[in-house]
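Here the structure comes first, spelled out in structure tokens, and everything after it is commentary.
From a predicted model like this one, the values you see are computed outputs, not experimental measurements.
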Amino acid sequence: MNLTEQIQKTKEAALALAQLSSEDKNKILHNIAVMLAKNSASIIAENQKDLAAAQLTNISEVMLKRLTLTEKDLQGICRDIEDIILLPDPVGEVLETVHRPNGLKIEKVRVPLGTVLVIYESRPNVTVDVATLSLKCGNACVLKGGSEAINTNRILAKLLREAIQDTLDPNVVTFIDTTDRKATEELLTMHDLIDVVIPRGSHRLIKYVVNNAKIPVIETGAGNCHLYVEQSADLKMALEIALNAKLSKPAVCNSIETLLVDEAIAEPFLRELALAFEQHQVEIRGCEQTRKIIPAAKAATEADYATEYNDLIIAVAIVKDYKAAIRHINRYSTKHSETIVSGNQAIIDEFLNTINSACCYVNASTRFTDGGCFGFGAEFGISTGMLHARGPMGLKELTSYKYKIYGTGQIRV
């Protein structure tokens, strides 16, 4: 079966999935959780193959952790599936009802997106996240994972399909079992078969998909996130936020990559920060002023301020004031998450109103940019675009809508 035939079957399966009741969809999700739990040893064995291959390359320790699946991780994935079961099904929700003078009744109703292609890297848990969230929303999914997780993704997809097949055509979850880049190129041209593509991974991957796709793209993932410490900030609070936002999980998209500090408070704050970061082996790359305060810091280049490191590296710049900070963020940000630590309400308001990112925080860590933390129960990814969805994409963001119009014989004259 060629790739086009494979995706044609996925599209056909999506039509049946869209008709399933919430009860039937939840039954499928429960079956998936049971199937994964029952086969955890096999999943971990396949993951070990990927880890062994990755260790032969120059992969960083942080990225290796992203690739790893443990028994604890799998238990967490199964709990997440059970949480998704408890979430309200968005499909069929009536968003608006309009009664026209001519007697027509118009309803705006949530519907599935259809067939969703997800291209992703490294983290094999994405395979399960995408499949289960898609199923809950009535979407078929096409999974194109990275070569570094091919064995783990393959067995996860196999188990997903086995758990589905007693209730529904398993082609609602289609795994592209190849590492050939040509398959990705072909998928991105299938505008008649695929309704939307969502890339999840590095800035390089997302840029490639945006530049080559012939189908609509929802950009997610790349997070060149900023922390700005304004001169009226509580410096103890700012330090705690900086440490959490950089250290709690440096390889994720909602960790900070750049720290901006007002020059009025730069010296006391950066000296304390440098001591804390040194204990955790964080590499600091700073501007000329920063390096006068932190001699051990490396010189930051223009590229450093535009880089999502996903590692224990941070770029630091001292700015004149909040206006300079806002200009810097809007220039280099990937429009993911930014935070300001400040006690000045006027400056806070201007920051919130002029920063172009999906999530703008005040006196809090960017690490909260997450569907679970936002109360959505789960997420598909973090959208950094301006259309359809922004920020954490919960179940509602995985739907579109249609208008249902009820008449009693009306004609237009």
Side-chain angles (χ1 to χ4, degrees), residues 6-32 80-81 83-97 106-120 126-144 157 160-161 163-165 167-176 187 190-200 213 215-220 371 376-381 383 385 387-390 392-405:
Q6 192 176 5
I7 305 307
Q8 181 65 54
K9 287 184 176 293
T10 307
K11 189 172 183 65
E12 291 168 0
L15 297 175
L17 173 60
Q19 303 301 314
L20 276 193
S21 67
S22 298
E23 182 181 357
D24 285 336
K25 288 188 285 188
N26 287 337
K27 178 183 175 183
I28 291 172
L29 294 177
H30 177 71
N31 290 344
I32 289 172
D80 290 343
I81 296 171
D83 288 342
I84 293 171
I85 291 171
L86 297 175
L87 294 174
D89 186 347
V91 177
E93 178 188 357
V94 178
L95 301 173
E96 296 178 40
T97 302
I106 304 172
E107 289 184 344
K108 184 178 182 181
V109 183
R110 286 197 190 279
V111 297
L113 289 172
T115 302
V116 179
L117 165 63
V118 182
I119 301 173
Y120 54 104
V126 173
T127 299
V128 181
D129 292 346
V130 167
T132 52
L133 288 167
S134 295
L135 289 165
K136 181 77 177 191
C137 296
N139 297 313
C141 62
V142 180
L143 303 165
K144 181 63 174 71
L160 286 165
R161 289 168 63 91
I164 291 167
Q165 64 187 4
T167 309
L168 189 67
D169 182 347
N171 287 306
V172 293
V173 175
T174 294
F175 175 61
I176 307 303
L187 287 166
M190 295 185 178
H191 56 87
D192 291 332
L193 297 176
I194 297 171
D195 296 291
V196 64
V197 56
I198 303 176
R200 291 189 56 173
I215 50 183
V217 180
I218 299 177
E219 296 184 47
T220 74
F376 300 162
E379 75 170 40
F380 205 79
S383 173
L387 300 178
H388 176 67
R390 296 202 82 190
M393 293 180 62
L395 293 176
K396 291 182 179 179
E397 286 71 33
L398 291 174
T399 64
S400 183
Y401 58 83
K402 68 167 60 171
Y403 290 97
K404 295 182 178 180
I405 303 97

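In this structure Phe376 satisfies the side-chain contact (heavy atoms from CB on, under 4.5 Å) test together with Phe374, Pro392, sequence neighbours excluded. A search for side-chain hydrogen bond (donor to acceptor under 3.5 Å, both in side chains) contacts involving Ser22 returns Asp89, not counting sequence neighbours. For Ile405, the side-chain contact (heavy atoms from CB on, under 4.5 Å) partners two or more places apart in sequence, or in a different chain, are Leu104, Ile106, Tyr403. Under the salt bridge (charged side-chain N to carboxylate O under 4.0 Å, His left out) criterion, Arg390 pairs with no residue, sequence neighbours left out. For Gln8, the side-chain contact (heavy atoms from CB on, under 4.5 Å) test picks out Glu12, Leu193, with sequence neighbours left out.
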Discussion item. Working note: Val116 + Asp195, criterion side-chain contact (heavy atoms from CB on, under 4.5 Å); need CA distance, chi angles, decisive distance, verdict.
Written reply: CA-CA 6 Å; Val116 179; Asp195 296 291; over 6 Å; no
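Put simply, the side chain of Tyr401 reaches to within 4.5 Å of the side chain of Leu95, judged on heavy atoms. Val142 places a side-chain heavy atom less than 4.5 Å from the side chain of Ile7. Residues Val197 and Ile119 meet the side-chain proximity criterion, which asks for heavy atoms closer than 4.5 Å. Side-chain contact between Thr127 and Phe175: absent, with no pair of heavy atoms (C-beta onward) separated by less than 4.5 Å. For the pair Val91/Val111, no side-chain contact is recorded, criterion being any heavy-atom separation below 4.5 Å from C-beta on. Two residues are said to be in side-chain contact when any heavy atoms from C-beta on lie closer than 4.5 Å; Lys402 and Lys108 fail this criterion.
Atom NZ of Lys404 sits in a sparse spot, with 12 or fewer heavy atoms from other residues, nucleotides or ligands closer than 6.0 Å.
Taking CG of Asn171 as the reference point, atom CD1 of Ile164 lies at 9.5 Å (rounded to 0.5 Å). Here the OG1-CD distance, from Thr174 to Gln6, works out to 5.5 Å after rounding to the nearest 0.5 Å. With rounding to the nearest 0.5 angstrom, the CG atom of Leu117 is 4.5 Å from the CD1 atom of Ile194. With values rounded to the nearest 0.5 angstrom, Cys141 atom SG is found 7.0 Å from Phe380 atom CZ. The structure places CD of Gln165 at 10.5 Å from CG of Asn31, a figure rounded to the nearest 0.5 Å. To the nearest 0.5 Å, atoms CD1 (Ile218) and CD1 (Ile198) are separated by 4.5 Å.
Judged by distance alone, the side chain of Asp169 and the main-chain N or O of Ala13 form no donor-acceptor pair under 3.5 Å. For the pair Glu397 (side chain) and Gly394 (backbone), a donor-acceptor distance under 3.5 Å is present. Side-chain N or O atoms of Arg200 include none that pairs as donor or acceptor with a backbone N or O of Val118 at under 3.5 Å.
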Distance-only donor-acceptor pairs under 3.5 Å for side chains of residues 131-139, two or more places apart:
from: Thr132; atom 1: OG1; to: Val128; atom 2: O; distance (Å): 2.7
from: Thr132; atom 1: OG1; to: Asp129; atom 2: O; distance (Å): 3.3
from: Ser134; atom 1: OG; to: Val130; atom 2: O; distance (Å): 2.7
from: Lys136; atom 1: NZ; to: Asn26; atom 2: OD1; distance (Å): 2.8
from: Lys136; atom 1: NZ; to: Ile84; atom 2: O; distance (Å): 3.2
from: Lys136; atom 1: NZ; to: Ile85; atom 2: O; distance (Å): 3.1
from: Lys136; atom 1: NZ; to: Leu87; atom 2: O; distance (Å): 2.8
from: Asn139; atom 1: OD1; to: Leu113; atom 2: N; distance (Å): 2.7
from: Asn139; atom 1: OD1; to: Gly114; atom 2: N; distance (Å): 2.9
from: Asn139; atom 1: ND2; to: Leu398; atom 2: O; distance (Å): 2.9

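With no hydrogens or angles considered, a side-chain donor-acceptor pair links Arg110 and Thr399 at under 3.5 Å.
The heavy-atom pair separating Leu29 from Ile81 by the smallest distance is O-CG2, 3.2 Å.
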